Amino acid sequence: MTGRVIAVGGHESDGAAALTGVLGPEVVRVAGGRELVREVRSARAGGERVCVVPMTLGRDPSLVADTARTLLALDASERAGTVLAEPFATTAHLVGWLRTLATRVPDDRALLVTAPSGDPFSDADLFRTARLVRQYGRHRTVEVALLGGDPGLAEGVRRCRALGAPRVVVLPAAWAVPEPTGVPHTEYGGPLLSGSAAAGVLASRVREAQDRYERSGDDGVARALAADHDHGHAHSHGPDGHDHDHGHSHSHSHGHSHSHSHGHSHGDSHDPGPDPGGDHHHRTPSHAPRSGAEPPVRHQGAVPDLVPSHRSPR
């Protein structure tokens with residue numbers, strides 16, 4: 001890596017605090033905002049190139065957009081030589097890494113996919129992630145726990161036990177997931193990534209961003225500004241009932257009989273090594289045509305028709 005690398009953390013890493021034991025001392029860790037501006041200005045004043053990496057694991061697109069907006073506050077001389085990398089990971093990577101952890105867990109254990117609570121849409125993404133871990137794994141019971149939210153860790157463990165699991169393995173789906181000390185019937189299935197694996201992924205993101213800037217002058221900011229454009233869908237503004245959508249709208253015509261095949265970014269084997277950015281594909285079963293009266297499905301990411309649910313079908 002050349003220049004200064006700045007890792008920006010959000011709710012998945014407790015404002016970058018949980019990155020301390022993951023990233024090396026050469027990587028600056030900030031929570032964004034003024035901290036980020038201060039670090040960039042310090043580096044640019046010394047003539048260093050800067051690469052900023054949003055450390056989301058896919059559930060915090062607002063972190064990406066907020067980081068881009070912060071960089072817009074810099075003046076032209078500070079922006080020159082500063083690049084914004086792609087997010088550290090997507091939810092597709094996260095599912096793959098969790099599935100890798102799950103392969104090390106005995107079949108009779110329940111999996112408790114655990115992360116700090118964010119906004120309702122980030123929390124919903126965690127349920128979707130857990131559903132995909134179960135769909136493509138061998139464990140019968142896969143539940144969700146939201147640290148600081150509902151269901152919490154204790155409730156998640158209770159649900160797993162109620163479904164007959166003798167032990168519950170906590171799978172960290174974020175950087176800030178401590179070991180469940182003092183919680184009966186639980187064990188820790190992490191960390192999500194080793195330090196060397198995380199360093200490899202980070203180096204890949206930095207290299208890609210710097211190469212893109214050298215080839216085309218693209219600093220990554222404009223693209224990142226729209227990262228959270230689809231984060232959150234229809235909502236109501238009160239009793240007057242003015243419901244509307246925010247985000248990109250795309251629809252599919254289902255008037256003719258046909259099926260969709262949705263790629264899923266995971267193969268049967270997942271190596272959480274230096275760069276999991278390559279594409280692997282699962283095929284999910286084709287979906288039956290929808291009636292004309294049925295509204296189009298709106299979704300983010302792969303396998304849209306799998307209903308995210310923390311309840312594990314028996």
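From a predicted model like this one, the values you see are computed outputs, not experimental measurements. Residues: numbered from 1 along the sequence shown. The basis for the numbers below is simple: all heavy atoms, side chains too, and nothing from hydrogens, waters or symmetry mates.
One hydrophobic cluster, built from ILVMFWY side chains closer than 4.5 Å, holds both Leu192 and Val169. Follow the hydrophobic side-chain contacts under 4.5 Å out from Tyr213 and you never reach Leu202; the two are in separate clusters. Side-chain heavy atoms closer than 4.5 Å link hydrophobic residues (I, L, V, M, F, W, Y) into clusters, and following such links, even through other members, never connects Leu146 to Val168. Residues Val40 and Val83 fall into different hydrophobic clusters, defined by Ile, Leu, Val, Met, Phe, Trp and Tyr side chains chained together at heavy-atom separations under 4.5 Å. Transitive grouping of hydrophobic side chains (ILVMFWY, heavy atoms separated by less than 4.5 Å) keeps Val142 and Val183 in distinct clusters.
In this structure, CZ in Arg161 is found 4.0 Å from NE2 in His185, a value given to the nearest 0.5 Å. Atom CZ of Arg140 and atom CG of Leu163 lie 9.0 Å apart (nearest 0.5 Å). Taking OG from Ser13 and CZ from Arg29, the interatomic distance works out to 10.5 Å, rounded to the nearest 0.5 Å. Separating the CZ atom in Arg99 from the NE2 atom in His139 is a distance of 12.0 Å, to the nearest 0.5 Å. Interatomic distance, CG of Leu111 versus OG1 of Thr141, reported as 8.5 Å (0.5 Å rounding).
When side chains are defined from C-beta on, His93 counts as touching Thr90, because their heavy atoms get closer than 4.5 Å. In this structure, Tyr136 and Val95 have side chains that are not in contact, with every pair of non-hydrogen atoms separated by 4.5 Å or more. Using a 4.5 Å cut-off on side-chain heavy atoms (C-beta onward), Leu112 and Leu153 make contact. Val22 has its side chain out of reach of Leu193: every pair of non-hydrogen atoms, C-beta onward, lies at least 4.5 Å apart. Taking the side chain as every heavy atom from C-beta outward, Pro172 and Tyr188 approach each other to under 4.5 Å. Side-chain contact between Pro87 and Asp60 is absent, with no heavy atoms from C-beta onward closer than 4.5 Å. Between Val177 and Pro116 there is a side-chain heavy-atom pair separated by less than 4.5 Å.
Here Ala68 pairs with Leu84, Val221, Ala224, Leu225 under the side chain to side chain contact (heavy atoms under 4.5 Å, CB included) rule; sequence neighbours left out. Applying the salt bridge (charged side-chain N to carboxylate O under 4.0 Å, His left out) test to Asp14 and every residue at least two apart in sequence or in another chain returns nothing. By the salt bridge (charged side-chain N to carboxylate O under 4.0 Å, His left out) test, Glu39 pairs with Arg4, sequence neighbours left out. Evaluation of the salt bridge (charged side-chain N to carboxylate O under 4.0 Å, His left out) rule for Asp218 yields Arg212, Arg223 as partners, not counting sequence neighbours. The side chain to side chain donor-acceptor pair (under 3.5 Å) test applied to Asp75 returns Ser77, not counting sequence neighbours. Scored by the side chain to side chain contact (heavy atoms under 4.5 Å, CB included) test, Val37 finds Arg41, Thr70, Leu74 as partners (sequence neighbours excluded). Thr20 pairs by the side chain to side chain donor-acceptor pair (under 3.5 Å) definition with nothing, not counting sequence neighbours. Looking at residues two or more places apart in sequence or on another chain, you find a side chain to side chain donor-acceptor pair (under 3.5 Å) between Arg69 and Asp66. Among residues two or more places apart in sequence or in another chain, the salt bridge (charged side-chain N to carboxylate O under 4.0 Å, His left out) test is passed with Arg79 by Asp219. For the side chain to side chain contact (heavy atoms under 4.5 Å, CB included) test, residues two or more places apart in sequence or in another chain that qualify with Ala85 are Cys51, Val53, Arg205, Ala209. For Ala173, the side chain to side chain contact (heavy atoms under 4.5 Å, CB included) partners are Leu94, Leu98, Val113, Ala115, Leu126, not counting sequence neighbours.
For the residue pair Ala43 and Val50, the shortest heavy atom distance occurs at CB-CG2, 3.5 Å. Residues Leu147 and Pro178 approach most closely at CD1-CD, 4.0 Å, considering heavy atoms. Contact between Val157 and Pro184 at its shortest, heavy atoms only, is CG1-O, 3.9 Å. Of all the heavy atoms in Arg44 and Thr82, the pair that sits closest is CD-OG1, 3.5 Å. Residues Glu143 and Ala130 come closest through the heavy atom pair O-CB, 4.4 Å.
With hydrogens and angles ignored, the 3.5 Å screen pairs no side-chain donor or acceptor of Ser42 with any backbone N or O of Arg38.
Between Trp175 and Phe88, the ring planes are perpendicular. Angles over 60° get that label, and only those under 30° would be called parallel.
Salt-bridge formation is detected for the pair Arg59/Asp123: a Lys NZ or Arg NE/NH1/NH2 atom is positioned less than 4.0 Å from an Asp or Glu carboxylate oxygen.
For residues 185-194, every residue pair satisfying the salt bridge (charged side-chain N to carboxylate O under 4.0 Å, His left out) rule, not counting sequence neighbours, is listed here: Arg109-Glu187, Arg167-Glu187.
Of the listed residues (Thr91, Val64, Thr67), just one forms a side-chain contact (heavy atoms from CB on, under 4.5 Å) with Thr56, and that residue is Val64.
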Handout entry: Audit row: Met55, Leu23, side chain to side chain contact (heavy atoms under 4.5 Å, CB included) steps and yes/no
Key = CA-CA 11 Å; Met55 293 298 293; Leu23 305 178; 4.1 Å; yes

